[in-house]
Amino acid sequence: MQSWQTDLLNLQLNLTMKPMLKYVGDVDLIRKLVKISDTLFGPLARPRGTRREPVVIPGAAFQAEWVSAGSAESRRVLLYLPGGAYVMRSPNVHSAMVSRLCAQCDAKALMAYYRLAPEHPFPACLEDAVRAYEWLLEEGIEPRNIAVAGDSAGGGLTLSTLMAIRDRGLPLPACAYMLSPLLDVNDSAASRWKNALSDSALPAPWRRAINPRPMYLGENSPDDPIVSPINGDYHELPPIYIQVSDSEMLLDDSLRMARRGHTYNVEIKVDIWRKVPHVWQIFAFLPESRDALRRAAEFLRTHMPESAAA
């Protein structure tokens, strides 16, 4: 049973976020509204001791920053790819959540704020994510101490990045963590229809005021496995942990991925939560958020055991 905090949050999202995405048809306006919310509420969720340090990556056309919490130094590193439908971002909200995760798993995170559509359609985001991973390797961080993680669109980009890393002959990271990942750009999964009403944060694909798909795709086919990684080749991918809600429209993306991973003998664990909103982990006041990040931290520590003082 979900908490009373989640009940109230679902009501609030149904009255605010879902209508905004349903009726506001201007990308610039949505970005302004998201920026206001991020500025107001992001710092409230930031734990004490959070540190944010801008990073300049040679040859990169995107922004990045180190995020950590507390005073512990660790070899464990998260490459985090934040969500936002590939068209918007909330750096304060996302860094606050990632800081809480870092505190629990004794890690620091490289937040890679990849270029956004429509100004930079695919494959700009993928090139940026791979470049961020290459930079970590250039900095001497061992692949066994790296995890790639992301939420929503960033969760889909996480899977695409893993496949791109493998196909380019780079050493794979130790594991990956995905939060309510968007894996099928075609919106063909049955849960897009079945959970259209129960999803408290996102409107149904046919009710969106803005369809990010054509803006993100550019000249690429939505069936391309690197664009919709649900169709990809998962051989040799590292262990993957997914958290998703049973009430959100993206549920089937995770379930289909788990079934597909089984055919490639890839370890994929899907943790399904009851009636929590899309990417509920960002809401620090939810008991379910704290529990989810605790379980994610356990997974990350298990698959990146070599964490020692630098």
Side-chain angles (χ1 to χ4, degrees), residues 51-60 62-70 72-83 94-95 97-114 125-151 154-179 181 229 232 234-243 261 266-269 281 293 295-310:
R51 296 192 300 276
R52 300 174 67 181
E53 178 185 353
V55 173
V56 176
I57 298 177
F62 61 96
Q63 295 180 326
E65 66 175 341
W66 282 116
V67 170
S68 59
E73 292 293 334
S74 171
R75 293 195 181 113
R76 205 178 269 139
V77 172
L78 308 181
L79 170 57
Y80 196 87
L81 308 172
H94 278 104
S95 63
M97 177 190 68
V98 172
S99 177
R100 291 190 289 128
L101 177 59
C102 286
Q104 294 198 47
C105 67
D106 185 27
K108 60 180 179 179
L110 179 68
M111 305 288 295
Y113 300 113
Y114 50 87
C125 58
L126 180 60
E127 294 299 327
D128 293 346
V130 173
R131 176 65 192 122
Y133 184 77
E134 289 175 332
W135 181 77
L136 290 176
L137 299 179
E138 291 166 6
E139 289 294 295
I141 301 172
E142 296 185 16
R144 67 179 182 177
N145 291 327
I146 302 175
V148 182
D151 63 277
L157 182 56
T158 294
L159 181 55
S160 294
T161 300
L162 293 177
M163 294 189 292
I165 288 171
R166 177 202 60 203
D167 293 345
R168 298 182 191 195
L170 296 170
L172 284 161
C175 59
Y177 168 43
M178 302 177 189
L179 303 73
Y234 300 169
H235 80 272
E236 299 180 357
L237 294 188
I240 298 170
Y241 176 48
I242 303 173
Q243 293 176 337
V266 175
E267 177 188 334
I268 300 177
K269 178 182 179 181
Q281 297 88 342
L293 293 184
R295 295 190 194 183
E298 291 176 356
F299 170 84
L300 294 169
R301 287 195 302 266
T302 297
H303 292 90
M304 294 189 292
E306 297 298 327
S307 178

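Both backbone and side-chain heavy atoms feed into the values below; hydrogens, waters and symmetry mates do not.
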Participant: Would you name the heavy atoms of Y114 and G83 that are closest together and state the gap between them?
Facilitator: OH-CA, 4.1 Å
Participant: Who pairs with E127 by side chain to side chain donor-acceptor pair (under 3.5 Å), at least two apart in sequence or on another chain?
Facilitator: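 Per chain and number, E127 pairs via side chain to side chain donor-acceptor pair (under 3.5 Å) with R168.
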Participant: Quick check: does any side chain N or O of R76 sit under 3.5 Å from a backbone N or O of C105, one acting as donor and the other as acceptor?
Facilitator: yes
Participant: Just verifying a value: how many Å separate C102 SG and W66 CH2, rounded to the nearest 0.5 Å?
Facilitator: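 Result: 9.5 Å between the selected atoms.
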Participant: Do R301 and D106 come within less than 4.5 Å of each other through their side chains, counting heavy atoms only?
Facilitator: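 SC-SC contact between R301 and D106 ruled out.
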Participant: Go through the steps for V67 and K108 under the test side chain to side chain contact (heavy atoms under 4.5 Å, CB included), then give the verdict.
Facilitator: CA-CA 6 Å; V67 170; K108 60 180 179 179; over 6 Å; no
Participant: If I compare all heavy atoms of A112 with all of F62, which pair ends up nearest, and what's the gap?
Facilitator: CB-CE1, 4.1 Å
Participant: Can you find a pair of side-chain heavy atoms, one from Y113 and one from S95, that are under 4.5 Å apart?
Facilitator: yes
Participant: Given side chains that start at C-beta, do those of I165 and M163 come closer than 4.5 Å, heavy atoms only?
Facilitator: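 In short, these two side chains do not touch, never coming nearer than 4.5 Å.
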Participant: Quick check: closest heavy atoms across I268 and G261, and the distance to 0.1 Å?
Facilitator: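 Shortest heavy-atom separation between I268 and G261 comes out as CD1-CA, 3.6 Å.
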Participant: State which residues pass side chain to side chain donor-acceptor pair (under 3.5 Å) with Q243; sequence neighbours excluded, sorted by chain then number.
Facilitator: Y177, Y241, Q281
Participant: Taking the side chain as every heavy atom from C-beta outward, state whether P171 and L137 have any atom pair closer than 4.5 Å.
Facilitator: yes
Participant: Taking only residues two or more places apart in sequence, or in another chain, which ones meet D128 in a side chain to side chain donor-acceptor pair (under 3.5 Å)?
Facilitator: R115
Participant: Give, for atom CG of L78 and atom CG of L110, the distance between the pair rounded to the nearest 0.5 Å.
Facilitator: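 The CG atom of L110 is 10.0 Å from CG of L78, to the nearest 0.5 Å.
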Participant: To the nearest 0.5 Å, tell me how far T158 OG1 sits from L179 CG.
Facilitator: 8.5 Å
Participant: To the nearest 0.5 angstrom, please state how far the CG atom of L79 sits from the OH atom of Y133.
Facilitator: 9.0 Å
Participant: Just verifying a value: how many Å separate I57 CD1 and E139 CD, rounded to the nearest 0.5 Å?
Facilitator: 9.0 Å
Participant: Kindly indicate whether the side chain of I240, heavy atoms from C-beta on, has any atom under 4.5 Å from the side chain of K269.
Facilitator: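 No, side chains not in contact.
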Participant: Would you mind checking if E236 and R166 are paired as a salt bridge, meaning a charged N to carboxylate O distance below 4.0 Å?
Facilitator: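 So R166 does not pair with E236 through a salt bridge.
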Participant: Is the closest side-chain heavy-atom distance between P229 and S160 below 4.5 Å?
Facilitator: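 The answer is yes, as the side chains (C-beta and beyond) meet within the 4.5 Å cut-off.
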Participant: Where do A147 and L300 come nearest, in terms of heavy atoms and distance?
Facilitator: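 That closest heavy-atom pairing would be CB-CD2, 3.7 Å.
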Participant: Would you call I141 and R75 a side-chain contact if the rule is heavy atoms closer than 4.5 Å?
Facilitator: no
Participant: Any idea which heavy atoms bring A103 and A69 closest together, and the distance?
Facilitator: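 Taking every non-hydrogen atom into account, CB-CB, 3.8 Å.
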Participant: Would you mind reporting whether M111 and H94 have side-chain heavy atoms less than 4.5 Å apart?
Facilitator: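 A side-chain contact under 4.5 Å exists here.
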Participant: Go through L293 and M97 one step at a time and tell me if the side chain to side chain contact (heavy atoms under 4.5 Å, CB included) criterion holds.
Facilitator: CA-CA 9 Å; L293 293 184; M97 177 190 68; 4.3 Å; yes
Participant: For R131 and E138, what are the C-alpha separation, side-chain angles and deciding distance, and is it a salt bridge (charged side-chain N to carboxylate O under 4.0 Å, His left out)?
Facilitator: CA-CA 10 Å; R131 176 65 192 122; E138 291 166 6; 3.0 Å; yes
Participant: For atom CD of Q104, decide whether the heavy atoms of other residues, nucleotides or ligands shown that lie under 6.0 angstrom number more than 12.
Facilitator: yes
Participant: CG/L81 to CG/D151 distance, rounded to the nearest 0.5 angstrom?
Facilitator: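 Separation between the atoms: 9.0 Å.
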